[in-house]
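In what follows, a single structure is set out as structure tokens and then discussed.
This structure is a prediction, so every number in the text was calculated from the model and none was measured. The sequence lines fix the lettering, A, B, ..., with proteins before strands; numbering per chain opens at 1. Values below: every heavy atom of this structure, side chains too, minus hydrogens, waters and symmetry copies.
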2 protein chains.
Amino acid sequence: MPAARAEGAGKSGPTLEQVAARAGVGRGTASRVINGSPRVSERTRAAVQAAVAELGYVPNRAARALAAGSMDAIALVVPEQENRLFAEPYFSEILRGVSTELGDTDMQLLLTLIRDQRGRERFAQYAAAHRVDGVLLVSIHGDDPLPDLLRDAGMPAVLSGRRSHAEQLPYVDSDNLLGAQIAVEHLLGRGRRKVATITGPLDMYVARCRLEGYHEALRAAGRTRTPPDGRLVAEGDFTEEGGRRGMLELLRRDPEVDAVFCASDVMAAGARLALRETGRRVPDDVALVGFDDSAVARHMDPPLTTVRQPIEEMGRAMVRMLLDLMARAQDDPQGQHRAEGREMTDDDQPRLVLPTELIRRRSS
Amino acid sequence: MPAARAEGAGKSGPTLEQVAARAGVGRGTASRVINGSPRVSERTRAAVQAAVAELGYVPNRAARALAAGSMDAIALVVPEQENRLFAEPYFSEILRGVSTELGDTDMQLLLTLIRDQRGRERFAQYAAAHRVDGVLLVSIHGDDPLPDLLRDAGMPAVLSGRRSHAEQLPYVDSDNLLGAQIAVEHLLGRGRRKVATITGPLDMYVARCRLEGYHEALRAAGRTRTPPDGRLVAEGDFTEEGGRRGMLELLRRDPEVDAVFCASDVMAAGARLALRETGRRVPDDVALVGFDDSAVARHMDPPLTTVRQPIEEMGRAMVRMLLDLMARAQDDPQGQHRAEGREMTDDDQPRLVLPTELIRRRSS
DNA sequence: GCAAGCAGTGGGAGCGCTCCCATCGATGCG
DNA sequence: CGCATCGATGGGAGCGCTCCCACTGCTTGC
């Protein structure tokens, strides 16, 4: 069929000009059809569409980007500190959600790893140079300047998780505090007396929220600070080894710990190792609860009770939110409506917090 | 001059033209400096570099792509059949290797999910329309036409894993056959008498290789087909549930199975479940060996003996190979050297097979 | 009956860059 | 001492597209 596409191998496909010629219309009209403008007669539209089909025309993205000033692409930015994130189920799920939601658009997904400060600045520049139309930020620490760099550059961006309680940028998060709280309440409800916790890195808001939920549950149970000064709190780093060390530390401080809420399943797996090393049974001696409901939770022995967060859905929601922001930016190139006397308030920024849920298994 | 495009906020950064003006040189010279051409005097180079720094100039990718006909981007294509891959450790590792290796380039990584046949064709068109300069293909089934579509379009591509023994395209693979063989030999060496296997989907070459390794080991041990007709072979699909079903099937066929080689750790986890359900102990009653050495192997109880393949390194190798192919394509736009009477032989295609290694843990 | 209005259209003017040809001294050589 | 050479440079000509203005017929309004 596309007998066209003559012999020359490497040449890129037909151009708009050729399509227009074939359809017997002007370049402008052809462009209008391709882009679905309404101001085209039915006859013409059909003719152009036929030409497109015959020639197997595919718009040249670079040309379009150059002329229109938009790249039809968004970036998923991943700070690669500690090489950690990729292995995490969290990331795969986000990725799945993002690409699924993007599948319906003809937007492209760019994956960008940010390694260090230099990379961060470089990316901010890239973004400013309009190499992408929007940015998704995953696993951002509280002190990361990148989001603000992007905002200043006028680049639409959505965070997965907040950096602080007062996050200024659009974000999608899950209800970490409540999730942790129900997890700990569950442990208390099962009659556990010394409920400890292994937290994430406390420079991450998500880790602080889960710790807060832990405290909240204890407080609600009238069990505030027993024993005092957080002896039952160990700071981990969301890694397996961190969970293991945290557990050993907790046991060292108080050998009678009988339950642990871990701020991630992976850390719970680490804690499980430590428990095994020290000859403790789960859940008989120590009950364990994780967070995420990732695959590892199901595979542990015994299977891990955990707090499920709808990660894939979060990925999808982030994309929807970003596309929305991009559309806004389109209509209102520089957020100029704030020039209309109306300050861009925080409330203009979309945000979404999805619910978490306790999944009970045999570890508690 | 182009006072045009005045202040409007969303303005992209400075242009090459402005950099050139600032440095007091012509556009061509500025471009030469930016692209590291040698034909520039030291003085001029310094002046331009200073201007770049002062202005914070970042080349506009779209313009460059349009003018130069290359996108400085490669695509990682993932067929999303069954929604499976993203969750797999295999994928995360590849991804990590790929993006690490790419970090040193200023090449961009595009992630593309292919959902169905339509998506496949669409992507082939995209590629042909030069939206990317090269393609990495992951988890391709034996009958997938995409690789050939790409080759016909003259698009450099590298596969992870072969589609068949006679793979025509460049690929990076690991030594699946030998890996499986040492795994099974290990089992036999431990005195197991009835060694079964749960394979991957047999339309994937990787699965057939591992099955072949299994047979090879039995043959070498003089244990060919006992019992006959592959009663000890169950076909799985690389999923946990598939592993579970495979194990149940094997036990049904022959309750005296005392060892199982699973073609992936995830399936081994499924098999472990089935074993537990039917009251069998690991390794006492049944020894288990997996493949991949993914995180799940370490977390299982008991920890899983498995065959390690250097997945991250495979990702890196794929990128190196692809960049190399792209450079070739550059020099020799249409593989025209075959016009010189020299047919493009298979041997022109780079290929790489990395070694596998047995990791002994307590499940065997 | 004539000026507007409007849907539908064609095509010029760039977008910012790379490619490449023309230019211009400064050399080198016969 | 004049001419071919060469390193260094300037700038025109697009790349394929979108934007937008101008133009064509027609249907309206007064």
Side-chain angles (χ1 to χ4, degrees), chain A residues 10-48 52 55 57-72 106 126 128-131 133 330 333, chain B residues 1-6 8 10-48 51-52 55 57-72 106 126 128-131 133 330 333:
Chain A
K11 100 286 236 35
S12 8
T15 70
L16 223 211
E17 194 89 45
Q18 291 168 35
V19 170
R22 171 119 189 176
V25 303
R27 183 167 29 77
T29 302
S31 171
R32 247 162 261 140
V33 172
I34 306 270
N35 294 295
S37 154
R39 337 236 101 227
V40 183
S41 74
E42 216 36 68
R43 265 181 59 76
T44 308
R45 179 182 311 281
V48 172
V52 165
L55 263 34
Y57 171 74
V58 183
N60 178 315
R61 208 95 170 180
R64 180 180 295 203
L66 180 56
S70 86
M71 291 291 281
D72 283 357
D106 65 342
Y126 280 13
H130 285 286
R131 294 159 67 134
D133 304 319
Q330 193 81 314
Chain B
M1 26 78 57
R5 170 151 304 183
K11 93 306 219 30
S12 6
T15 69
L16 222 211
E17 192 90 45
Q18 292 168 33
V19 170
R22 172 120 188 174
V25 302
R27 185 168 24 81
T29 304
S31 170
R32 247 162 261 140
V33 172
I34 306 269
N35 295 296
S37 155
R39 334 238 103 226
V40 183
S41 74
E42 217 35 69
R43 267 181 58 74
T44 308
R45 181 183 310 282
V48 172
V52 165
L55 263 34
Y57 170 75
V58 182
N60 179 314
R61 207 95 171 180
R64 179 178 294 193
L66 180 56
S70 86
M71 290 291 280
D72 283 355
D106 66 342
Y126 280 14
H130 285 285
R131 295 161 66 136
D133 304 319
Q330 194 81 314

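Residue B:R64 is classed as a sugar-phosphate contact, given heavy-atom separations below 4.0 Å to backbone atoms only.
At a cut-off of 3.5 angstrom, counting only N and O atoms as typed in the model, there is no donor on one side facing an acceptor on the other between the side-chain of A:R45 and the base of C:dG8. Residue B:R27 places a side-chain atom within donor-acceptor reach of the base of D:dG12, judged by atom type and a 3.5 Å distance cut-off alone. If you check distances only, the side chain of B:R61 never reaches the base of C:dG16 with a donor-acceptor pair under 3.5 Å.
Taking CZ of A:R39 as the reference point, atom OG1 of A:T29 lies at 13.0 Å (rounded to 0.5 Å). In this structure, CZ on B:R64 lies 7.5 Å from CD1 on B:I34, to the nearest 0.5 angstrom. Considering CG of B:L66 and CE of B:M71, their distance stands at 9.5 Å, rounded to 0.5 Å.
Taking atom CZ on A:R131 and atom P on C:dC15, their separation rounds to 21 Å, with Å as the unit. Atom CG of B:L16 is separated from atom P of C:dG14 by 19 Å (rounded to the nearest Å). In this structure, A:M71 atom CE and C:dC15 atom P are separated by 18 Å, rounded to whole Å. With rounding to whole Å, A:R39 atom CZ is found 10 Å from C:dC6 atom P. Between the CZ atom of B:R43 and the C1' atom of D:dG7 there is a distance of 16 Å, rounded to whole Å. Between B:R32 atom CZ and C:dT18 atom P the separation is 11 Å, expressed in whole Å. Rounded to an integer number of Å, the gap from CD of B:E17 to P of D:dG10 is 12 Å.
With DNA chain D read from its 5' end, the first of the two nearest nucleotides for B:G26 and A:L66 is the one closest to B:G26. Mapped onto DNA chain D by nearest heavy atom, B:A63 and B:T29 fall at different nucleotides, with B:T29 at the one closer to the 5' end.
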Working for side chain to side chain contact (heavy atoms under 4.5 Å, CB included), residues B:R32 and B:V25: CA-CA 11 Å; B:R32 247 162 261 140; B:V25 302; over 6 Å; no
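For the OP1/OP2 pair of C:dT18 and a distance below 4.0 Å, the side-chain nitrogens and oxygens of B:S31 include at least one atom meeting the criterion. Phosphate proximity of C:dT9 to A:T44: present, with a side-chain N or O under 4.0 Å from OP1 or OP2. For B:N60, no side-chain nitrogen or oxygen approaches OP1 or OP2 of C:dC15 to under 4.0 Å.
For the pair A:N60/A:T15, no side-chain contact is recorded, criterion being any heavy-atom separation below 4.5 Å from C-beta on.
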